[in-house]
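What follows is a short report on a single structure.
This chain uses plain numbering: 1 for the first residue, then up along the sequence. Indexing begins at 1, ligand by ligand and atom by atom, following the structure's order.
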Amino acid sequence: MSPVRPAAVVVLAAGEGTRMRSATTPKVLHALAGRSLVGHVVGAARRLDPEQLVVVVGHGRDQVTAHLGELDPDALTVVQEQQNGTGHAVRVAVDALADQGREPSGTVIVVCGDTPLLTTETLGALVETHQQEGNAVTVLSAHVPDPTGYGRIVRIADDARRPGEGGAAVAGIVEHKDATEAQRAITEINSGVYAFDGKLLRAALAGLTTDNSQGEEYLTDTLTVLREAGHRVGAVAAADHREILGINDRVQLAEARRLLNQRIVEGWMRAGVTVVDPATTWIDVDAVLEADAAVLPNTQLHGRTVVQAGAEVGPNCTLRDTRVEEGAHVLNATCEGAVVGPGATVGPYTYLRPGTVLAAKAKAGGFVEMKNAQVGEGSKVPHLSYVGDATIGVGANIGAATIFVNYDGVAKHHTVVGDHVRVGSDSMLVAPVTVGDGAYTAAGSVITEDVPPGAMAVARGRQRNIDGWVVRRRAGSPAAEAAQRSTAQRDAAGGVQDGVQDTAGPTAGQVEASNKEMDQ
Ligand code: UD1
Ligand code: CA
């Protein structure tokens, strides 16, 4: 018998999370592997395909509700004004559904919003066992090395079996704070995940009291309530206890992050991705890698980053929402919202910002920053340049230290560089400007006007050499002495005697004459 689709999943996310000690962020919005705590839980729950998905919010409700609106617009949020306990939270949710005429009658799953490692597979197995055994409630338990702080699963019979080996019926759950010494020795704990028979849930919740050490309505007490009403109560242990890790503070958050990352990285390695150093490779849940991609140490792949077959990323890369296509190499780079085309190369020390698209075999080299720039096939920006708001054709070469001057202090403007253009080193291309196909620009030029196809644009001051200046004006300096030695050697070798001039520089006529010479 295959399990019946759950009628509802209720995610509890109203608690303050005091132990996170955050002034700004509700507990369930703290992030790991590219999603919030509650984002992971809602994702796992959504994949069960429940008829309804309800999230109980309270502390930081505006932030949490806005977040859920983006994450899963179909999720219903219900406000629990005061956090009177997990049982109260579920009651608020079920009452809200009932008020809308949507009270679930099939299987209702309850999960906490702070267990990000929980998988859909484990939830599915819980549903299956719950339905097969015909239970009123089935709790997901786990055997843990250190049960401190968790509710303990108390089994009825002291029969020959050890707890959790199956068979010994569940008496109930006792919270750590309410437990006796003997109960605290129990290592089978409550994960905070349950499957309920929806038809029995509301009555069970109505039977809860606040008669406990925390003065709260404990959801855990529904097990006793239902058992005492003559219903079947079960527990199923999770295969891996680490999956139910509940996050209460930032130490546990870091631990969960490490465990989740390990799961993700191992998954990609088994799918054919080379990961040289899993311990320093961080991959978000939504990143996608193809077989024969390689990730080198100290690399982070965030958001919806994609690394295709044969591509190599790292070492020392941070990529967010970036696509690295087949056979491309990205080294020591930070890339956001960029596309690195097939066989293209990036790095080292390169910053690609949103809207950067490198076509096949293009290059963004060392100390290059790009933003909103389309670089054509085989075009190269090898060294020390800023390319902002630009379209570059195919086969172009942008000389070292070229700046695309895109900002006039008020607005951004676009630059177009044609096919097979050669931009000389240390050029400024002042946008809006177009450099036509096949054109050249002279090194050090400030290009403010369009350059026709095939032209050579020169826009810079002329060089003039003031012979003998250092010997006259910096007499006795090491530079003057070096110059004199050089002149003496040249003279001794019979060099021309046209060196030192008497005046402080060439005349205007001389400059004009030499400029004419250069124009030839
Ligand atoms: C709870 C369980 C405990 C279990 C543990 C697993 C109860 C009484 N105890 O303890 O048996 O071992 O989880 O991690 O259920 N919440 C609300 N509204 C409230 C109170 C809590 O929405 O009024 C939410 C919290 O935001 C959180 C979840 O319920 O996501 C669990 O609450 P928390 O206070 O962390 O419960 P624990 O003491 O950890
Ligand atoms: Ca908890």
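- The local environment of CZ in R46 is crowded, with over 12 non-hydrogen atoms from other residues, nucleotides or ligands closer than 6.0 Å.
- Close contacts of ligand 1 with G151, meaning ligand atoms under 4.0 Å from a residue heavy atom, involve 3 (C), 4 (C), 11 (O), 12 (O).
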For residues 198-208, which side-chain N or O atoms pair as donor and acceptor with protein atoms under 3.5 Å away, sequence neighbours left out?
from	atom 1	to	atom 2	distance (Å)
R202	NE	D95	OD1	3.1
R202	NH1	E103	OE1	3.4
R202	NH2	D95	OD1	3.3

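- Other residues, nucleotides and ligands contribute at most 12 non-hydrogen atoms within 6.0 Å of the NZ atom of K361.
- Residue C112 has at least one heavy-atom neighbour below 4.0 Å for each of these atoms of ligand 1: 28 (C), 30 (O), 31 (C).
- Checked options Q83, E216, Q80; the residue passing with H88 is Q80 (criterion: side chain to side chain donor-acceptor pair (under 3.5 Å)).
- The N84 neighbourhood of ligand 1 comprises atoms 23 (O), with distances under 4.0 Å to a heavy atom of that residue.
- Between the N190 side chain and the Y150 main chain, no donor and acceptor come within less than 3.5 Å of each other.
- Against a heavy-atom cut-off of under 4.0 Å, A13 is close to the following atoms of ligand 1: 22 (O), 26 (O).
- The heavy atom nearest to atom 17 (C) of ligand 1, considering only Q80, Q83, H59, E216, is found in Q80.
- For ligand 1, the polar-atom distance check against T86 finds a nitrogen or oxygen pair separated by under 3.5 Å.
- Every N/O-N/O distance between R19 and ligand 1 stays at or above 3.5 Å.
- In I244, neither the side chain nor the backbone holds a heavy atom less than 4.0 Å from any atom of ligand 1.
- When G17, G85, G15 are ranked by how near their heavy atoms come to atom 25 (C) of ligand 1, first place goes to G15.
- Taking every non-hydrogen atom of Y218 and a distance limit under 4.0 Å, the qualifying atoms of ligand 1 come out as 8 (C).
- Neither the backbone nor the side chain of H88 has a heavy atom within less than 4.0 Å of ligand 1.
- Applying the ring pair (Phe, Tyr, Trp, His ring centres under 6.0 Å) test to every pair with at least one member in residues 335-354, sequence neighbours left out, gives these pairs: Y349-F367.
- In terms of heavy-atom proximity, G172 sits nearest to T224 at CA-OG1, 4.0 Å.
- Close approach to G113 involves these atoms of ligand 1, each under 4.0 Å from a residue heavy atom: 30 (O).
- Put simply, no part of I189 is less than 4.0 Å from ligand 1, judged by heavy atoms.
- Comparing T220, N248, V41 by heavy-atom distance to atom 39 (O) of ligand 1, the nearest is N248.
- For the pair I173 and ligand 1, the shortest N or O to N or O distance does not fall below 3.5 Å.
- Looking at A14 against ligand 1, both its backbone and its side chain come within 4.0 Å, counting heavy atoms.
- Atoms of ligand 1 found under 4.0 Å from any heavy atom of A89, numbered from 1 in the order shown, are 17 (C), 18 (N), 22 (O).
- Salt bridge present: R61 and E81 bring a charged side-chain N and a carboxylate O closer than 4.0 Å.
- Atom CG of D211 is surrounded by 12 or fewer heavy atoms from other residues, nucleotides or ligands within 6.0 Å.
- Heavy-atom contacts of S191 reach the following atoms of ligand 1: 6 (C), 14 (O) (cutoff under 4.0 Å).
- Here the options are L123, L12, V38, V10, the test is side chain to side chain contact (heavy atoms under 4.5 Å, CB included), and the partner is V111; only L123 passes.
- With hydrogens and angles disregarded, no donor-acceptor distance shorter than 3.5 Å links the side chain of T281 to the backbone of P297.
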